[in-house]
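Residue numbers run from 1 in the order of the sequence given. These figures come from a predicted structure and were not determined experimentally.
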Amino acid sequence: MKQKEKVFVVVNPQAGGGRSRILWPRAAQELKKKLGAFDFEESTAIGHAQCLAADAAKAGYSLVIAYGGDGTVHEAANGLMEADADSRPALGIVCVGTGADFVRTLNIPSGLSEQVRIAAGTKSRRIDLGRARYTGLSGGVESRYFINIASAGLGAEVVRRTPRFRSFLGRKPAYLAATLDAYLHWKPQRVTIATEHGTSSAVAWPDKPLIVAVANGRFFGGGMPIAPGADPSDGYFDLVAIGPFPAYQVPLALTLLYSKQIHRLKQVRHDRVRRVELASEGRVDLDIDGEPIGSLPAVFEILPSALEVKAPA
């Protein structure tokens with residue numbers, strides 16, 4: 001990387017249960033070796049990372065590195081999207097949070113040194129982003145971009161329940177425990193799925209799905225490959241809907257999910273779409289990039305090649 005490029009690092013010291021704060025001195029030292037001088041600031045509240053990234057774009061930085069978890073990456077991407085396309089900085093990712101889902105899709109290794117090397121390197125790719133309009137927590141219509149996956153139904157419930165298990169379980173066991181807990185308390189709601197093909201598309205969507213995932217990336221929930229064939233550079237979402245199944249099939253479903261064979265279940269439907277609308281009769285919660293943000297109804301649109309991201313070719 002050329003020394004003349006201006007680099008700003010958005011630091012979330014709370015990511016990974018404080019792990020990011022512990023690792024920051026080492027990460028900063030390695031970034032300095034790769035980049036020379038750079039600027040940084042710590043985020044202090046929800047939404048602050050987005051403001052920092054937006055301000056960095058306006059200040060003329062050419063590279064903004066999100067140092068934190070998936071939520072930090074999500075906020076940084078939203079902040080960069082506030083800039084005009086011709087002046088939008090590239091996004092680097094050093095993911096030290098608990099989920100680390102989108103970096104898996106980009107084939108970015110989990111080691112800190114390797115992530116720093118890639119974030120500070122010359123290789124990059126342009127990726128799509130999703131844009132969601134949905135019912136916010138306050139009841140009004142809101143809009144956000146997402147870099148990885150938007151999930152309605154059981155997935156949002158899992159996100160909401162996971163923190164209560166994480167205090168005494170590791171990352172993956174916490175997600176599994178939250179998944180089982182959410183399933184046992186789940187009350188199915190009728191969901192209408194409409195794509196650019198229309199509600200009468202060739203895909204027979206489940207009437208009361210457990211999960212509807214609008215996927216730009218492949219993984220959610222701390223490594224669950226819900227959309228193993230998704231490509232964040234192809235101009236399409238992978239739309240995955242999992243219909244209801246009896247309790248005795250839960251172990252099989254989880255096994256198939258982690259082995260990237262979830263589509264073998266007859267209750268799973270899949271399509272590749274550029275736009276999708278979801279509506280429900282009762283309340284169905286929604287999460288975006290692992291953050292609970294509201295509920296249906298919602299509309300999702302793909303924005304092809306919206307963002308340059310530092311990643312292996």
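Between the Asp289 side chain and the Gly71 main chain, no donor and acceptor come within less than 3.5 Å of each other.
The neighbour count for Phe40 CZ, taken as heavy atoms of other residues, nucleotides or ligands under 6.0 Å away, does not exceed 12.
Applying the side chain to side chain contact (heavy atoms under 4.5 Å, CB included) test between Ile288 and each of Ile147, Val214, Ile293 identifies Ile293 as the sole match.
A salt bridge between Glu196 and Arg275 is absent, with no side-chain N of the basic residue lying under 4.0 Å from a carboxylate O of the acidic one. Looking at Arg117 and Glu114, a side-chain N of the basic residue comes within less than 4.0 Å of a carboxylate O on the acidic one, giving a salt bridge. Remark: Asp234 engages Arg272 in a salt bridge, criterion side-chain N to carboxylate O under 4.0 Å.
By the 4.5 Å heavy-atom criterion applied to side chains, Leu239 and Val212 are counted as neighbours. The shortest distance between side-chain heavy atoms of Phe300 and Leu278 falls below 4.5 Å. With contacts defined as side-chain heavy-atom distances shorter than 4.5 Å, the pair Leu80/Pro89 qualifies. By the 4.5 Å heavy-atom criterion applied to side chains, Trp24 and Pro13 are not counted as neighbours. Taking 4.5 Å as the limit, every side-chain heavy atom of Tyr145 sits out of range of all side-chain heavy atoms of Glu82. With contacts defined as side-chain heavy-atom distances shorter than 4.5 Å, the pair Asn148/Asn216 does not qualify. Inter-residue side-chain proximity for Gln115 and Cys95 is flagged as met; some heavy-atom pair is nearer than 4.5 Å. Side-chain contact between Lys310 and Leu63 is present, with heavy atoms from C-beta onward closer than 4.5 Å.
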I would like to know whether Ser20 and Val11 meet side chain to side chain contact (heavy atoms under 4.5 Å, CB included); could you show each step before the answer? CA-CA 8 Å; Ser20 60; Val11 178; over 6 Å; no

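The six-membered or imidazole ring of Phe146 lies away from that of Phe102, with a centre-to-centre distance of 6.0 Å or more.
To the nearest 0.5 Å, the span separating OG1 on Thr195 from CZ on Arg274 amounts to 11.5 Å. The structure places NZ of Lys34 at 10.5 Å from CD1 of Ile118, a figure rounded to the nearest 0.5 Å. With values rounded to the nearest 0.5 angstrom, Leu210 atom CG is found 5.5 Å from Leu154 atom CG. One distance of note links CZ of Arg88 with CE of Met81; it measures 4.0 Å at 0.5 Å rounding. Rounding to the nearest 0.5 Å gives a distance of 7.5 Å between OG of Ser259 and CZ of Arg264.
Heavy atoms only, all atoms of each residue included: Ser113 and Arg26 are closest at OG-NH2, 3.2 Å. Among all heavy-atom pairs drawn from Pro292 and Leu137, the shortest one is O-CD1, 4.2 Å. Closest non-hydrogen pair, Gly217 versus Ala227, comes out as O-CB, 4.0 Å. Pairing each heavy atom of Phe38 with each of Lys32, the nearest pair is CE2-N, 3.8 Å. Closest of all the heavy-atom pairs between Gly47 and Glu75 is N-OE2, 2.9 Å. The minimum heavy-atom distance linking Gly153 with Val284 is given by the pair N-CG1, 3.4 Å.
Among residue pairs with one or both ends in residues 238-247, those qualifying as side-chain hydrogen bond (donor to acceptor under 3.5 Å, both in side chains) are Asp238-His270; sequence neighbours excluded.
Applying the side chain to side chain contact (heavy atoms under 4.5 Å, CB included) test to Arg125 and every residue at least two apart in sequence or in another chain returns Leu106, Ile127, Asp231, Pro232, Ser233, Ala311.
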